[in-house]
Amino acid sequence: MKFGVAHPEPSGGTGLPAAAPEPALGENAEAATDAAAAKPRRPRGRPRGFDRDQALETAMRMFWQRGFEATSMSELTAAIGVAAPSLYAAFGSKEDLFRAALQRYLEQFRRGHGSVLATPGLAAREAFARLFDALAEGFAACPTRSGCMLVAAETGGLGDATQLREELGAHRASVEAGFRARIERGQTEGDVPADADAAALAKFLSTVVQGLSIQARDGADAAQLREVLRTALRAWPSA
């Protein structure tokens with residue numbers, strides 16, 4: 001906004017309109033105050049029409065494909081279609097936006113695959129086989145070949161975001177813990193040998209899945225990914 005400097009008009013005039021007289025005190029002043037209060041003010045924060053859900057979906061896919069460090073805020077604002085202040089107002093820092101995007105990914109993953117291991121009446125080995133087939137199909141079908149976001153997010157580096165690295169590691173550890181819990185459930189139900197090392201098997205299977213994500217990013221198709229997983233399941237302890 002530009003501000004002009006008022007100059008007194010020389011005698012004889014210049015043809016410019018004269019300045020409006022100052023309002024008198026009293027009723028006119030009250031009317032002016034009421035008018036100013038009634039005048040609509042420009043809203044602050046996010047612009048009208050900002051779709052937070054869609055913005056988060058866009059951010060998730062960018063972080064998933066390119067990683068945290070390699071995805072700049074200027075690229076995020078351009079893809080989402082908002083100015084940086086609006087994005088910061090909605091999500092906070094870039095790290096907070098990444099956390100929200102990662103949480104969205106995990107929620108989508110749980111809805112899509114999380115229930116497979118918990119399927120009633122399914123032996124543990126068969127449950128893992130079904131989960132791995134679904135992962136192979138999903139990784140191969142992804143147009144951007146992004147693999148698993150828990151692995152892909154670090155592909156472009158995390159820069160100085162040490163806490164994010166620890167959080168991603170904690171999420172991966174949570175997946176491994178879920179694998180272990182399912183194996184131990186199989187031991188309780190009798191379809192996994194009681195003397196099997198559930199912790200070691202869970203770590204092995206989660207490591208295979210992380211490697212599968214990288215293979216998918218390198219172009220392996222669904223058949224190749226399924227074969228890797230079938231090979232891994234040959235290490236399943238026999239009764």
Side-chain angles (χ1 to χ4, degrees), residues 1-2 39-116 131 134-175 178 206 209-222 225:
M1 181 181 294
K2 295 182 179 179
K39 184 178 179 180
R41 296 181 178 180
R42 184 178 180 180
R44 294 182 177 181
R46 300 193 299 271
R48 186 173 299 175
F50 180 91
D51 189 331
R52 189 181 191 279
D53 189 67
Q54 184 56 51
L56 193 54
E57 178 72 17
T58 300
M60 180 193 75
R61 294 191 176 279
M62 292 183 70
F63 284 132
W64 186 0
Q65 181 182 2
R66 303 185 60 191
F68 173 79
E69 183 71 11
T71 305
S72 68
M73 283 300 292
S74 60
E75 290 169 326
L76 285 164
T77 55
I80 294 170
V82 295
S86 297
L87 202 59
Y88 285 123
F91 298 103
S93 65
K94 180 184 175 184
E95 288 85 352
D96 289 333
L97 175 58
F98 176 81
R99 289 186 180 96
L102 181 61
Q103 190 60 40
R104 182 183 183 88
Y105 169 81
L106 292 172
E107 290 170 357
Q108 291 181 358
F109 181 87
R110 292 188 190 105
R111 287 198 301 269
H113 304 300
S115 62
V116 176
L131 172 64
L135 290 177
E137 291 292 337
F139 288 171
C142 180
T144 56
R145 288 288 184 161
S146 300
C148 173
M149 188 175 177
L150 292 178
V151 177
E154 290 197 60
T155 301
L158 293 173
D160 297 327
T162 304
Q163 188 173 349
L164 287 184
R165 183 175 291 104
E166 294 174 354
E167 291 172 16
L168 282 168
H171 284 303
R172 291 191 291 266
S174 178
V175 171
S206 64
V209 170
Q210 291 175 28
L212 199 75
S213 174
I214 296 174
Q215 288 289 318
R217 290 177 71 88
D218 288 344
D221 60 28
L225 298 179

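Keep in mind the model is a prediction, meaning the values are calculated, not measured.
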If you compare all heavy atoms of [X] against all heavy atoms of [Y], which two are closest, and at what distance to 0.1 Å?
{"X": "Ala101", "Y": "Leu56", "result": "N-CD1, 3.6 Å"}
{"X": "Ala59", "Y": "Leu97", "result": "CB-CD1, 3.9 Å"}
{"X": "Ala140", "Y": "Ala222", "result": "CB-N, 3.4 Å"}

[atom1]-[atom2] distance between [X] and [Y], expressed to the nearest 0.5 angstrom:
{"X": "Glu75", "Y": "Arg66", "atom1": "CD", "atom2": "CZ", "value": "4.0 Å"}
{"X": "His171", "Y": "Glu167", "atom1": "NE2", "atom2": "CD", "value": "6.5 Å"}
{"X": "Met73", "Y": "Ser93", "atom1": "CE", "atom2": "OG", "value": "8.5 Å"}
{"X": "Leu225", "Y": "Leu212", "atom1": "CG", "atom2": "CG", "value": "4.5 Å"}
{"X": "Glu95", "Y": "Leu164", "atom1": "CD", "atom2": "CG", "value": "5.5 Å"}
{"X": "Gln163", "Y": "Leu168", "atom1": "CD", "atom2": "CG", "value": "11.0 Å"}

Quiz item: Within the distance-only criterion (no hydrogens, no angle test), does the side chain of Ser174 pair as donor or acceptor with the backbone N or O of Ala170 below 3.5 angstrom?
Solution: no
Quiz item: Is there a donor-acceptor pair closer than 3.5 Å between any side-chain N or O of Arg217 and the backbone N or O of Phe139?
Solution: no
Would you check if [X] and [Y] make a side-chain contact, meaning some heavy-atom pair closer than 4.5 Å?
{"X": "Thr71", "Y": "Trp64", "value": "no"}
{"X": "Ile80", "Y": "Asp51", "value": "no"}
{"X": "Lys94", "Y": "Leu87", "value": "no"}
{"X": "Arg110", "Y": "Leu106", "value": "yes"}
{"X": "Gln108", "Y": "Met60", "value": "yes"}

Quiz item: Angle class for the Phe98/Phe68 ring planes (parallel below 30°, perpendicular above 60°, tilted otherwise)?
Solution: perpendicular
Quiz item: What do the steps show when you test Glu57 against Arg61 for salt bridge (Lys or Arg N to Asp or Glu O under 4.0 Å), and what is the final call?
Solution: CA-CA 6 Å; Glu57 178 72 17; Arg61 294 191 176 279; 2.8 Å; yes
Quiz item: Can you list the steps and then say if Phe91 with Arg99 is a side-chain contact (heavy atoms from CB on, under 4.5 Å)?
Solution: CA-CA 10 Å; Phe91 298 103; Arg99 289 186 180 96; over 6 Å; no
